[in-house]
Amino acid sequence: GFGQNVNIPDANFKAYLVGDNLINTNGDAEIQVSEATAFSGPIACHMRNISDLTGIEAFTDITLLWCHNNQLTDIDLSQNTALITLHCENNQLTTLDLNNNTDLTHLDCWNNPLTSLAVSGATALIDLRCFNNNLINLDVSNNLSLEYFACLNNQLTTLDVSQNTALRELYCHNNQLTTLDVSQNTALDTLKCSGNQLTSLDVSGATSLVKLKCSDNLLTSLDIRNGNNTNIIYLKSKMNLNLTCINVDDIAWSTANWTTGDFEFDSQHYFSNNCQPSAIQEHTTNKELLKVTDLL
């Protein structure tokens with residue numbers, strides 16, 4: 001009989017499961033394996049001072065797990081292959097492996113000391129929020145359905161989003177990125193990449209872009225000629241002291257319209273249709289032909 005019970009060593013987690021009559025259908029003081037495998041509803045055990053989620057592996061059919069705001073240092077969800085939504089933010093997780101969770105579409109794992117996050121196998125992922133961690137590397141090349149991606153406030157030195165062509169919002173500010181290629185992200189409408197070490201940024205391929213913040217970088221080149229400048233409603237490029245010329249669709253239109261609080265530039269920034277990096281700009285005046293001389 002004992003062998004039929006799920007091993008749940010954490011008293012707080014066990015109390016939650018036993019107290020849910022949709023899970024503990026026979027009303028005893030244990031959770032049987034048969035009860036766990038039959039349950040397909042949500043498990044919402046957040047904010048219960050849980051430090052060990054052992055026993056969750058028996059709930060193979062759950063689609064939603066809310067275990068955020070606890071004291072978890074590790075979670076094994078390799079058996080929970082039906083999982084669609086996972087909230088595990090505000091814990092003490094250092095690693096998280098979700099490669100077996102191929103149906104997972106929404107993941108919130110922010111505000112953990114994560115140094116490793118494996119989501120290559122989570123190919124259905126649409127929404128990924130992994131900010132405020134300690135991530136150095138993050139591979140999202142297999143997450144082709146990704147639309148919302150927030151990885152700000154980490155230690156990322158590289159970020160490849162070239163395969164994420166469905167991406168609409170990217171928040172990667174406050175990392176250590178030196179390059180960022182969004183040329184394949186034609187659906188991207190919001191990009192915030194401030195607080196990195198970018199020396200150049202070309203968003204001309206992001207033809208849907210309407211919000212851009214690239215402040216506080218090392219930019220010397222910025223190209224915003226995406227054919228959609230008239231729809232841009234938010235653009236901030238301040239604190240790029242080595243940047244002077246910004247490529248835009250229409251110089252006069254940008255000068256006249258990008259003036260409100262949602263548009264911020266450094267005093268030396270000016271607009272052009274064809275910035276020449278490292279070239280000296282010639283401010284010319286109209287010239288008149290004064291004389292023609294026959295040298296022969």
Option from Leu125, Leu86, Asn80 for which side chain to side chain contact (heavy atoms under 4.5 Å, CB included) with Leu98 holds: Leu86
Using side chain to side chain contact (heavy atoms under 4.5 Å, CB included) as the criterion, point out the one residue from Ile8, Asn49, Asn70 that pairs with Phe13. Ile8
If you look only at pairs with a residue in residues 48-69, which of them pass as a salt bridge (charged side-chain N to carboxylate O under 4.0 Å, His left out), with sequence neighbours excluded? none
Which pairs with one or both residues in residues 215-230 pass salt bridge (charged side-chain N to carboxylate O under 4.0 Å, His left out), sequence neighbours excluded? Asp223-Arg225
According to ring pair (Phe, Tyr, Trp, His ring centres under 6.0 Å), who are the partners of His87, at least two apart in sequence or on a separate chain?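 By the ring pair (Phe, Tyr, Trp, His ring centres under 6.0 Å) rule, His87 matches Trp66, His68.
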Expected output: side-chain [X] to main-chain [Y] donor-acceptor under 3.5 Å:
{"X": "Asn240", "Y": "Asn217", "result": "yes"}
{"X": "Asn137", "Y": "Thr158", "result": "no"}
{"X": "Asn154", "Y": "Cys130", "result": "yes"}
{"X": "Tyr171", "Y": "Phe131", "result": "no"}
{"X": "Ser194", "Y": "Cys214", "result": "no"}
{"X": "Asp20", "Y": "Leu22", "result": "yes"}

Linking I/L/V/M/F/W/Y whenever any side-chain heavy atoms sit under 4.5 Å apart, do [X] and [Y] land together?
{"X": "Tyr234", "Y": "Ile224", "result": "no"}
{"X": "Tyr16", "Y": "Val33", "result": "yes"}
{"X": "Phe39", "Y": "Leu64", "result": "no"}
{"X": "Leu177", "Y": "Leu218", "result": "no"}
{"X": "Leu152", "Y": "Met239", "result": "no"}

Looking only at the side chains, is there a donor atom on one of Asn226 and Asn229 sitting less than 3.5 Å from an acceptor on the other? yes
For a side-chain contact (heavy atoms from CB on, under 4.5 Å) check, start with the C-alpha distance between Gln163 and Leu144, then their side-chain angles and the critical distance, and finish with the verdict. CA-CA 6 Å; Gln163 304 302 311; Leu144 305 184; 3.9 Å; yes
Taking the ring centre of each residue, are Phe271 and Phe265 less than 6.0 Å apart? yes
Once you round to the nearest 0.5 Å, how far does [atom1] of [X] lie from [atom2] of [Y]?
{"X": "Ser272", "Y": "Asn247", "atom1": "OG", "atom2": "CG", "result": "5.5 Å"}
{"X": "Thr95", "Y": "Leu117", "atom1": "OG1", "atom2": "CG", "result": "9.5 Å"}
{"X": "Ile126", "Y": "His106", "atom1": "CD1", "atom2": "NE2", "result": "5.5 Å"}
{"X": "Leu209", "Y": "Leu170", "atom1": "CG", "atom2": "CG", "result": "10.0 Å"}
{"X": "Thr105", "Y": "Ile84", "atom1": "OG1", "atom2": "CD1", "result": "6.0 Å"}
{"X": "Glu147", "Y": "Leu188", "atom1": "CD", "atom2": "CG", "result": "12.0 Å"}

Considering only heavy atoms from C-beta outward, does the side chain of [X] approach that of [Y] to under 4.5 Å?
{"X": "Val140", "Y": "Phe149", "answer": "yes"}
{"X": "Lys192", "Y": "Cys172", "answer": "no"}
{"X": "Leu241", "Y": "Asp266", "answer": "yes"}
{"X": "Lys211", "Y": "Asp189", "answer": "no"}
{"X": "Leu83", "Y": "Leu77", "answer": "yes"}
{"X": "Leu198", "Y": "Leu180", "answer": "yes"}
{"X": "Ser51", "Y": "Asp10", "answer": "yes"}
{"X": "Trp110", "Y": "Asn153", "answer": "no"}

Which pair of non-hydrogen atoms, one from Ala118 and one from Asp97, has the smallest distance, and what is that distance?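 Scanning both residues completely, I find the closest heavy atoms to be CB-OD1, 3.8 Å.
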Intermediate values then yes/no, disulfide bond (SG atoms under 2.5 Å apart), Cys245 and Cys275: CA-CA 6 Å; Cys245 186; Cys275 294; 1.8 Å; yes
Donor-acceptor contacts, no H, no angles, side chain residues 255-264, under 3.5 Å, sequence neighbours left out:
| unit_1 | atom_1 | unit_2 | atom_2 | d |
| --- | --- | --- | --- | --- |
| Thr255 | OG1 | Ile251 | O | 2.7 |
| Asn257 | ND2 | Trp253 | O | 2.8 |
| Thr260 | OG1 | Asp262 | N | 3.4 |

Show every side chain to side chain donor-acceptor pair (under 3.5 Å) that has at least one partner inside residues 23-42, sequence neighbours left out. Asn5-Gln32, Lys14-Glu30, Thr25-Glu35, Asn26-Asp28, Asn26-Gln32, Asp28-Gln32
Does Asp249 have any salt bridge (Lys or Arg N to Asp or Glu O under 4.0 Å) partners at least two apart in sequence or in another chain, and if so, which?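 Here no residue qualifies.
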For the pair Ser183 and Asp202, evaluate side-chain contact (heavy atoms from CB on, under 4.5 Å) and give the outcome as yes or no after the intermediate values. CA-CA 8 Å; Ser183 59; Asp202 185 347; over 6 Å; no
